[in-house]
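In what follows, a structure is listed as structure tokens, so that the remarks can point back to it.
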Amino acid sequence: MSEPSTITDPADPRLADYTDLTDVELRRRREPAEGLFIAEGEKVIRRALAAGYEMRSMLLTAKWLDVMADVIADVDAPVHLVEPRLAEQVTGYHVHRGALASMARKPLPEVAEVLQGAGRVAVLEGLVDHTNLGAIFRSAAALGMDAVLLSPDCADPLYRRAVKTSMGAVFSVPYARLEPWPAALATLRDAGFQLLALTPAEGSVDLAQAAPHRLPKAALLLGAEGDGLTARALAAADQRVRIPMAHGIDSLNVGAAAAVAFYAVNPGLGAGGPAC
């Protein structure tokens, strides 16, 4: 147990992990390089610890001391107590959840390790929006996906906004990077997966017609918001599938599309696809 220490100077070096959290480019460069990520909020911090991530330190405002008392008692990491105004000054935004923790990253697993025993995986290409990425991880956890595989240019699942949006689901769904892209998709095919590219383009088959829930192993390929999957990724797929639309709508946000597709591909969650 570490006794909380009060900090009043925003330049205190003990707060270095929490500085400028809104500077996306800074965090993208710094967090992976330094082997850390930021967990925000009580539930996310607890889920990170439960998933085996080691805490480096915790930043709290006074009203969260009692709520986090059991965590403080269990972890051997410094606890920094600050005023809300100082927390905002250091991080660059209003820390309304009142609790932040700097956590140590784990080594990223190999693709073969992530695929072992998996039957339903999501494959993401070029997803750079952290909110969409977090939403996809949350849906993957809720809807029974076994793993998420990322192209090299996808955003970091452990970036603060992605972790927050996923409500900590990034800690419970195994993920790995697929490199080189898209040649490494052959690894999935060699492991017995059928590659289904989600696209509204002409020539794609309705999800219900494709009946992905009947496949022994299925990998759903999803592309970035707006651009969708690249021509190279589409060419590597075994089949192109789409979500049927009504009222003249041509597509869904990638996070929403992922949730629908995850439901459709999972044999244990329903009839195997949307009815409309």
Side-chain angles (χ1 to χ4, degrees), residues 28-29 31-33 35 37 51 105-141 143-159 161-163 165-166 169-199 201 204 210 212 215-242 254-255 257-259 261-262 264-266:
R28 280 177 178 167
R29 293 192 305 269
E31 290 182 359
F37 69 92
R105 290 173 180 256
K106 299 178 184 179
L108 202 62
E110 297 294 330
V111 172
E113 180 183 346
V114 167
L115 291 180
Q116 189 169 8
R120 298 289 183 267
V121 301
V123 182
L124 310 182
E125 181 189 35
L127 263 289
V128 296
D129 185 284
H130 293 97
T131 300
N132 282 335
L133 187 64
I136 288 172
F137 266 89
R138 187 173 184 181
S139 294
L143 298 171
M145 301 301 285
D146 298 312
V148 175
L149 298 176
L150 308 166
S151 68
D153 56 347
C154 276
D156 177 14
L158 293 183
Y159 180 72
R161 191 175 300 127
V163 172
T165 305
S166 79
V170 294
F171 308 137
S172 59
V173 180
Y175 69 91
R177 296 272 178 185
L178 265 177
E179 300 183 77
W181 182 267
L185 288 171
T187 306
L188 284 158
R189 190 171 287 108
D190 292 343
F193 285 85
Q194 185 161 347
L195 307 182
L196 306 178
L198 198 65
T199 173
S204 54
L215 296 174
K217 292 185 177 182
L220 280 168
L221 278 63
L222 297 109
E225 184 79 16
D227 294 335
L229 291 165
T230 63
R232 292 194 304 159
L234 288 170
D238 298 305
Q239 189 174 21
R240 302 182 186 189
V241 296
R242 68 174 181 268
V254 65
F262 294 166
V265 80
N266 193 319

Verify side chain to side chain contact (heavy atoms under 4.5 Å, CB included) between L215 and L196, making sure each step is shown before the conclusion. CA-CA 11 Å; L215 296 174; L196 306 178; 4.0 Å; yes
Any heavy-atom pair between the side chains of V241 and S204 that's under 4.5 Å? no
Would you confirm whether R240, through its side chain, and A201, through its main-chain N or O, come within 3.5 Å as a donor-acceptor pair? no
Looking at OH of Y175 and CG of L108, how far apart are the two atoms once the value is rounded to the nearest 0.5 Å? 5.5 Å
Run the numbers on V121 and V148 for side chain to side chain contact (heavy atoms under 4.5 Å, CB included), then give the verdict. CA-CA 6 Å; V121 301; V148 175; over 6 Å; no
Side-chain ion pair, R161 and D129, N-O less than 4.0 Å: no
To the nearest 0.5 Å, atom CZ of F137 lies from atom OG1 of T165 at 12.0 Å
Do F262 and R120 touch side chain to side chain, with heavy atoms closer than 4.5 Å? no
Rounded to the nearest 0.5 angstrom, the OG-CZ distance for S151 and R177 is 7.0 Å
When every non-hydrogen atom of L133 is compared with those of A155, the smallest separation belongs to CD2-O, 3.4 Å
Would you say D238's side chain and Q194's backbone share a donor-acceptor pair under 3.5 angstrom? no
Is E179 atom CD crowded by more than 12 heavy atoms from other residues, nucleotides or ligands, each under 6.0 Å away? yes
Are L188 and L178 close enough, and set up right, to give a side chain to side chain contact (heavy atoms under 4.5 Å, CB included), and what steps lead you there? CA-CA 10 Å; L188 284 158; L178 265 177; 4.2 Å; yes
Looking at R189 and L195, what are the two nearest heavy atoms and their distance? NH2-CD1, 3.3 Å
Minimal non-hydrogen separation, D153 against G126, with atom names: OD1-N, 3.5 Å
Quick one: pull up CD in E31 and CZ in F37 and give me the separation to the nearest 0.5 Å. 9.0 Å
Measure the spacing between CZ of F193 and OG1 of T187 and express it to the nearest 0.5 Å. 11.0 Å
Quick one: closest heavy-atom pair of T230 and E125, and the distance? OG1-OE2, 2.6 Å
Between D156 and H130, which heavy-atom pair has the shortest distance, and what is it? O-CD2, 3.8 Å
Less than 4.5 Å apart, side chain to side chain, heavy atoms only: is that true for L115 and L149? yes
Which atom names give the shortest non-hydrogen contact between A176 and P109, and what distance separates them? CB-O, 3.5 Å
Under 6.0 Å from the CD atom of Q239, do we count more than 12 heavy atoms belonging to anything else shown? yes
Please tabulate, for side-chain N and O atoms in residues 219-229, each donor-acceptor pair with protein atoms closer than 3.5 Å (sequence neighbours left out).
from : atom 1 : to   : atom 2 : distance (Å)
E225 : OE1    : N253 : ND2    : 3.3
E225 : OE1    : V254 : N      : 2.8

Is there a side-chain contact between R242 and L198 (heavy atoms, below 4.5 Å)? no
At what distance, to the nearest 0.5 angstrom, does CG of L127 lie from SG of C154? 5.0 Å
